[in-house]
Amino acid sequence: MKVQFYPTDVDTIEYQGEQAIRIFGRTIDNKRICILDQTFKPYFWAIPKHAHKITQVKWDISDMNGVKEAQTVKKKILRQEIEAIKVTALDSKDVPTLRSEVKRHGSIKEVRESDVPFYRRYLIDKGIHTLNLCEVEGEELELNLDVELVMQAKTIKEVDDKPLDKPRTLSIDIETYNPQKIPREDKDPIVMIAFAGDDGFKKVITWKDFPKKPDYVEVLNSEEQMLERFKQVIQEYAPDYLVTYFGDGFDFPYISKRAKLHKVSLDINWDYTPLKVNVRHDIPTAKTKGLVHIDIFKFISRTMAGGLDTERYDLNSVAQELLGEGKTGAKVEELANVWDNQPERLKEFAEYNLQDTEITLKIFQKVLPGLNEFVRLVGQPIYEVCRMSYGQIVEWYLMRKAFLKDELAPDRPKSAEITGRLDQKFEGAFVFEPVPGIYENIAVFDFKSLYPTIIATHKLDSSTLSEKGVGTPAPETEISGKKVKFYFDEKKEAFIPEEIKELIEVKGRVSDQLKKDPENATLKGRRYALKVLANSVYGYLSFSGSKWYCIEAGASTAAYARQYIKNAMKEAEEQKFKVIYGDTDSLLIVLENKTKEDAIKFQKSINKNLPGLMELELEGIFPRGIFVGIKSGEKGAKKKYALLKDNGKIKITGFETIRGDWSILAKETQNELLNIILKENDKEKAIKYVKEIIQEVKTGKMPLEKMIISRQLRKDLSDYEAVGPHVAIAKKMQEKGIPVGPGTIIQFVVNEGNGIIRERAKLPEESTKYDVDYYLKNQVLPAVDPIMSVLGYTKKDLIEGNSQSTLGDY
DNA sequence: CCATATCGGGG
DNA sequence: GTGTACGATATGG
């Protein structure tokens with residue numbers, strides 16, 4: 001029989017005594033399907049030291065244990081033809097031992113592609129992209145799986161590149177008992193779980209009854225029963241995708257732990273095995289089989305981050321930006337108290353819980369076209385693509401391209417190799433040191449895809465890297481302090497530069513299509529995915545873990561970039577523009593008595609002389625901007641400025657009070673100050689505002705809650721060697737019998753008195769008087785001083801309340 | 001300066 | 001899973 005289906009997840013299982021490929025998906029008539037493919041065999045490549053001995057080596061390998069077959073095949077390494085031995089193994093489990101044995105053979109130089117996970121190899125070789133329509137031919141099988149159809153594949157192929165467009169999706173979210181804010185897995189139960197489905201399905205399950213229950217609420221008798229029901233709801237809904245916001249890091253580890261305590265088996269996988277939370281180093285991931293767990297936070301905070309303005313990636317901020325709506329209603333800090341003492345208010349929390357799943361679902365649907373494009377480009381399962389770092393995205397994209405071009409990929413470097421690479425540092429981007437100040441009418445220019453266009457235009461990678469004097473020299477640069485100059489032979493065929501060139505060209509075509517259809521989400525996602533991929537290749541070339549590592553190309557790319565940006569600056573100055581800043585690929589000039597047309601003329605004059613795909617763009621004209629100094633001196637800090645946009649929003653770069661370990665006081669003050677300066681352009685108001693704040697701090701009138709600094713315990717108290725303020729407090733809490741442990745957030749206020757900080761740090765409720773000096777010196781001044789010194793005020797001016805003595809400096 | 005610790009997301 | 005991988009920044013010594 002023949003069936004058309006959309007594959008959603010692929011892995012390997014043991015079947016009939018050997019490793020088989022297992023594909024889960026959804027058929028075109030909407031059934032869940034599982035396909036087993038035993039026809040595909042694992043293989044890797046062995047490269048002989050001497051080409052003339054290849055036949056003998058091939059026979060030696062054929063005789064090794066676990067070898068199904070060894071053949072010589074013409075392939076390419078760095079685009080040069082070679083003869084390689086394809087070693088086909090009987091079973092993928094045998095590959096690691098077989099690989100070592102082949103490596104030990106005296107006439108073998110190296111092995112390649114021996115570390116490609118079996119199912120990834122399968123997808124690449126079969127030309128199958130998950131989510132794209134495929135056709136399988138084979139027999140129906142009887143297996144105990146939670147799907148409507150099981151098949152054993154004879155043949156399988158991709159038939160269309162239109163992806164599964166309406167996956168059945170269920171979003172989930174838990175609420176936990178939280179007397180100490182961050183809940184403790186072993187002590188604090190889950191009190192509610194919400195679900196939202198793409199067909200409008202909504203449900204909240206809990207285990208405490210309360211009045212005025214909405215219809216979607218179902219009350220169970222205990223946490224244990226709620227967990228059983230949780231499982232059931234998922235099985236009944238039978239989604240393709242199970243979507244969470246930070247489910248890898250919170251919901252699933254928590255659910256897993258609570259289920260274990262109650263001895264509930266979370267067998268929601270389509271093969272009836274339980275959900276598994278893998279912890280590698282510090283980072284947990286929750287893997288399901290069949291249905292795919294998509295932690296949308298992971299994808300948004302990593303891969304989409306470059307396309308978003310938000311500085312924070314909490315659900316509310318991301319919803320604000322992507323949906324234009326945020327969270328409303330209950331305050332989650334009150335949940336523990338309401339659960340214990342005010343069950344009549346639990347309705348608010350059921351609504352809150354449901355809202356989180358609905359927002360998560362909407363965010364997922366909003367970013368899905370983009371995510372789909374990454375999956376199509378990378379060609380690996382969506383579960384993995386949405387968790388990939390940039391390095392992996394590039395690497396698996398290149399792996400597919402390498403296969404199509406007969407290029408043999410190197411194995412990943414071993415740890416000794418990685419350590420060696422990490423020690424090699426090269427000179428990075430050029431950053432112009434700005435003169436601190438406030439500027440008006442700032443024209444911002446950008447080299448469009450600077451690094452990718454340099455790599456493609458000058459053909460920089462290991463396939464063109466040549467010895468001294470052969471080919472074209474890249475600009476001189478430094479690696480680990482040594483001056484070096486590399487040569488790249490542009491006449492040679494280049495692997496990575498040609499792939500980049502193609503990416504840039506495809507992106508250009510997508511941009512053209514977008515001009516005709518500007519709101520097309522698929523096209524927007526495609527353009528973004530292409531951009532991210534192209535921009536990541538530079539990092540990939542010099543990333544210590546990469547297969548196609550080439551520090552010479554990385555260092556030379558940066559060297560070319562410095563040359564281009566410096567030349568553009570020089571040219572701007574020659575055309576009598578005032579350059580105020582430049583960083584990597586951008587150039588900021590003030591228009592002064594010139595016009596936008598002059599700026600465009602400058603841009604054209606640069607573009608006339610740029611080779612290949614390179615291009616300078618005018619990003620826009622910003623009405624006002626501030627550049628701050630390093631200390632209160634004259635030198636400008638690099639990468640630390642704020643620009644006022646046309647739409648009145650402020651684009652902040654490099655100011656660091658966003659982190660939670662600053663007090664609210666520092667954050668609010670800095671924000672308000674930037675607003676006064678950039679929007680209102682009122683220096684008098686700025687100094688007045690800062691002085692008022694400082695005065696309020698000095699006189700002790702600032703509310704204590706604005707002084708709270710939060711820090712989280714990350715390990716058991718006994719494991720701390722260095723005792724920071726929050727550790728000291730936690731120890732005291734423990735002595736009093738208050739439970740503290742990993743995850744507990746310690747809030748403290750630094751109080752007046754003698755001794756070092758940790759002796760004066762106290763819990764907010766035990767604090768009497770905050771330490772004026774500490775807050776001025778460590779919170780308020782670091783936040784405002786760099787900005788105020790631009791206006792000509794020294795720290796002294798701010799603290800002593802003198803008049804603006806050094807205004808002349810400005 | 002280097003080594004170690006913390007944050008982020010979640011409640 | 002044909003494994004062994006966060007990335008950036010602050011603080012302590």
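The sequence lines fix the lettering, A, B, ..., with proteins before strands; numbering per chain opens at 1. A quick note: this is a predicted structure, and the numbers were derived from the prediction, not measured.
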Trainee: Applying a 4.0 Å non-hydrogen cut-off, can you work out what A:D356 is touching in the nucleic acid: base, sugar-phosphate, or nothing?
Mentor: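 Sugar-phosphate contact only - A:D356 comes under 4.0 Å of backbone atoms but never of a base.
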
Trainee: Check whether NZ of the Lys or CZ of the Arg A:R112 lies under 6.0 Å from the centre of the six-membered ring of A:F44 and within 45 degrees of that ring's axis.
Mentor: no

Trainee: Any chance the rings of A:F250 and A:Y254 have centres within less than 6.0 Å?
Mentor: yes

Trainee: Can you check the distance between C:dT4 and B:dG11, where both ends of the measurement are the P atom (answer in whole Å)?
Mentor: 33 Å

Trainee: When you get a sec, tell me which of B:dG9, B:dG11, C:dG1 is the closest nucleotide to the side chain of A:Y119?
Mentor: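 The answer is C:dG1, which lies nearest to the side chain.
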
Trainee: To the nearest Å, give me how far apart CZ (A:R302) and C1' (C:dA8) are.
Mentor: 13 Å

Trainee: Roughly, in whole Å, what's the span from OH in A:Y245 to P in B:dG8?
Mentor: 13 Å

Trainee: Answer yes if the ring centres of A:H726 and A:F748 are under 6.0 angstrom apart, and no otherwise.
Mentor: no

Trainee: So, for A:F118 and A:F40, is the gap between ring centers shorter than 6.0 Å?
Mentor: yes

Trainee: The side chain of A:Q392 lies closest to which of these nucleotides: B:dG10, C:dA5, C:dG1?
Mentor: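 Nearest listed nucleotide: C:dA5.
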
Trainee: Check whether any side-chain N or O of A:H726 sits under 4.0 Å from OP1 or OP2 of B:dA5, and answer yes or no.
Mentor: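 No, outside the criterion.
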
Trainee: In whole angstrom, give me the gap between the C1' atoms of C:dG1 and C:dA5.
Mentor: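 Comparing C1' positions in C:dG1 and C:dA5 gives a spacing of 14 Å.
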
Trainee: Using a heavy-atom cut-off of 4.0 Å across all strands, would you classify A:Y43 as base, sugar-phosphate, or nothing?
Mentor: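 The residue A:Y43 makes base contact.
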
Trainee: Of the nucleotides B:dG9, C:dG3, B:dG11, which has the atom closest to the A:P96 side chain?
Mentor: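 In terms of side-chain proximity for A:P96, the closest of B:dG9, C:dG3, B:dG11 is C:dG3.
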
Trainee: Which whole-number value in Å describes the distance from A:R421 CZ to C:dA5 P?
Mentor: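 The distance from CZ of A:R421 to P of C:dA5 comes to 14 Å, rounded to the nearest Å.
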
Trainee: Report the distance from atom CG of A:D115 to atom P of C:dA5, rounded to the nearest whole Å.
Mentor: 13 Å

Trainee: Distance check needed: B:dG11 C1' versus A:D188 CG, whole Å only.
Mentor: 9 Å

Trainee: From the set C:dG3, B:dT6, B:dG9, return the single nucleotide nearest to any side-chain atom of A:V727.
Mentor: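 Looking only at side-chain atoms, A:V727 lies closest to B:dT6.
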
Trainee: At 4.0 Å (heavy atoms only), tell me whether A:F118 reaches a base, stays on the sugar-phosphate, or touches nothing.
Mentor: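 Answer is base: heavy atoms of A:F118 come under 4.0 Å of a base.
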
Trainee: Within the 4.0 Å heavy-atom criterion, would you say A:I174 contacts the bases, only the backbone, or no part of the nucleic acid?
Mentor: sugar-phosphate

Trainee: Could I get the full list of side-chain hydrogen bond (donor to acceptor under 3.5 Å, both in side chains) partners for A:E185, not counting sequence neighbours?
Mentor: none

Trainee: Please determine, for the side chain of A:R312, which listed nucleotide (B:dG9, B:dG11, C:dG1) has the closest atom?
Mentor: B:dG9

Trainee: With sugar-phosphate meaning primed atoms plus P, OP1 and OP2, does A:R412 contact a base, only sugar-phosphate, or nothing at under 4.0 Å between heavy atoms?
Mentor: base

Trainee: Starting at CD1 of A:I283 and ending at P of C:dT4, how long is that distance when rounded to a whole Å?
Mentor: 14 Å

Trainee: May I have the distance from A:L315 (atom CG) to B:dG8 (atom P), rounded to whole angstrom?
Mentor: 16 Å

Trainee: Round to the nearest Å and state the distance from A:D423 atom CG to B:dC2 atom P.
Mentor: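 That distance rounds to 12 Å.
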
Trainee: Tell me every residue that passes ring pair (Phe, Tyr, Trp, His ring centres under 6.0 Å) with A:F374, counting only those two or more places apart in sequence or in another chain.
Mentor: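 A:F374 satisfies ring pair (Phe, Tyr, Trp, His ring centres under 6.0 Å) with A:F299 once adjacent residues are dropped.
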
Trainee: Just to be sure I understand the rule, does A:S92 reach a base, reach only the sugar-phosphate, or reach nothing, if contact means heavy atoms closer than 4.0 Å?
Mentor: base

